[in-house]
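Beneath this line is the structure, given in structure tokens, with notes to follow.
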Number of protein chains: 2
Amino acid sequence: MDTKELKKAGLKATLPRLRILEILDNSSEKHMSAEDVYRALIEVGEDVGLATIYRVLTQFEAAGIVQRHNFDSGHAVFEMAKEEHHDHMVRVDTGEVIEFFDQEIERLQKEIVDRHGYVLEEHSLVLYVRPK
Amino acid sequence: MDTKELKKAGLKATLPRLRILEILDNSSEKHMSAEDVYRALIEVGEDVGLATIYRVLTQFEAAGIVQRHNFDSGHAVFEMAKEEHHDHMVRVDTGEVIEFFDQEIERLQKEIVDRHGYVLEEHSLVLYVRPK
DNA sequence: ATGAATGCAAAAACTTTGCATGACG
DNA sequence: CGTCATGCAAAGTTTTTGCATTCAT
């Protein structure tokens with residue numbers, strides 16, 4: 001259960017934190033902004049402050065529990081961290097986010113960076129797509 | 001000269017617009033935020049408003065004269081549009097931006113998107129790197 | 001001259017922070 | 001109980017907008 005995960009990260013298992021994890025785990029939209037999470041909690045009758053959402057999500061990111069993405073939307077979106085890395089496609093018509101992974105692209109990125117004399121720390125790849 | 005380029009885009013060749021193009025063309029740092037451009041102009045004694053910078057850069061983007069990027073910095077950066085497409089590496093230690101292009105990565109992206117039943121509209125690839 | 005562009009200031013959107021109160025272990 | 005977390009409100013950042021004035025054609 002979530003309580004364990006929080007303790008392990010050195011965070012108290014408070015109600016707001018548990019509720020935020022629930023929302024991220026159970027919402028149909030897995031990529032949510034702080035505002036999205038806030039509204040989802042208010043809707044469920046949970047009395048939480050937006051500032052807390054921001055603080056908690058930032059702590060979760062530092063603890064590796066969630067990942068933060070900056071798509072071209074002017075605001076950050078968060079998703080539960082998965083074991084396996086993946087990249088994203090964003091539908092320009094609906095905003096829907098689609099996850100994908102490609103071994104070959106991952107390999108090429110490392111190779112290119114190496115060729116330039118650097119080490120790859122992390123990367124951000126977003127493909128903006130529309131239906132055929 | 002720049003005046004022609006502006007006219008062609010249906011924009012009046014005003015002093016602020018010409019100065020902004022000059023800055024983007026001649027600065028040593030080719031990837032600049034609106035604030036960067038603003039400070040560069042103030043430094044040269046050009047009396048321009050920050051709001052104008054934002055308006056002009058947005059118009060330039062729509063006209064294809066500049067490109068806007070959202071690196072993980074909390075603010076947009078702009079660069080003159082080049083004929084040939086390229087992606088970016090960002091040094092995590094210095095913030096320096098390095099441009100690169102890889103035929104194979106470009107091809108793979110199209111292929112993956114196609115495989116999912118979509119068409120690639122555009123993409124954003126940023127590699128965060130540090131020296132070996 | 002006329003419509004477009006500018007500068008300023010105000011506002012909007014997103015995120016962070018200070019502080020007193022409340023909850024976890 | 002002591003400390004850490006929360007909520008609220010205020011402040012910080014980045015970007016946009018309204019409006020009167022100025023400028024390009």
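Because only heavy atoms are used, hydrogens play no part in the values below, and waters and symmetry mates are left out as well, while side chains stay in. Every chain is numbered from 1 and lettered A, B, ... according to where its sequence line falls, protein lines coming before strand lines.
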Applying the side chain to side chain donor-acceptor pair (under 3.5 Å) criterion to B:H31, which one of B:H69, B:E79, B:Q67 satisfies it? B:E79

I need the CD-C1' distance between A:E35 and C:dA13, as an integer number of Å. 10 Å

Counting heavy atoms not belonging to B:K110, are there more than 12 under 6.0 Å from its NZ? no

In this structure, how many angstroms lie between the P atom of C:dT15 and the CD atom of A:E61, rounded? 12 Å

Can you measure B:R39 atom CZ to D:dT14 atom P for me and round it to whole angstrom units? 10 Å

To the nearest angstrom, how far is A:E46 atom CD from C:dA23 atom P? 13 Å

Could you label the plane-to-plane angle of the A:H86 and A:H88 rings as parallel, tilted or perpendicular, counting under 30° as parallel and over 60° as perpendicular? perpendicular

Using a strict threshold of under 4.0 Å (side-chain N to carboxylate O), is an ion pair present between B:R39 and B:E43? no

Heavy atoms from other residues, nucleotides or ligands near NZ of B:K132 exceed 12 (cutoff 6.0 Å): yes

Nearest whole Å is fine: how far is D:dC4 C1' from A:K7 NZ? 14 Å

For B:A34, answer base if it contacts any base atom (sugar-phosphate contacts may also be present), sugar-phosphate if it contacts only those atoms, and nothing otherwise; contact means non-hydrogen atoms under 4.0 Å. nothing

Stepwise, does the ring-ring contact (aromatic ring centres under 6.0 Å, His included) test hold for A:H123 with A:H85? CA-CA 11 Å; A:H123 74 253; A:H85 160 77; 4.8 Å; yes

Separation of atom CG in B:L6 from atom C1' in D:dC23, rounded to whole Å: 15 Å

Could you tell me how far apart A:L18 (CG) and D:dT6 (P) are, to the nearest whole angstrom? 10 Å

Any protein N or O atoms within reach of nucleotides 3-7 of chain C? Criterion: under 3.5 Å, listing atom names and distances.
from, atom 1, to, atom 2, distance (Å)
C:dG3, N2, B:K12, NZ, 3.1
C:dA4, O4', B:K12, NZ, 3.2
C:dA5, OP1, B:R17, NH1, 3.1
C:dA5, OP1, B:R17, NH2, 3.2
C:dA5, O5', B:R17, NH2, 3.4
C:dT6, OP1, B:T14, OG1, 2.9
C:dG7, OP1, B:D47, O, 2.8
C:dG7, OP2, B:G49, N, 3.0
C:dG7, OP2, B:T52, OG1, 2.5
C:dG7, N7, B:R55, NH2, 2.8
C:dG7, O6, B:R55, NH1, 3.4
C:dG7, O6, B:R55, NH2, 3.4

Could you check how far NZ of B:K4 sits from P of D:dA24, rounded to whole Å? 19 Å

Looking only at side-chain N and O atoms, does B:Y54 come under 4.0 Å of OP1 or OP2 in D:dT15? yes

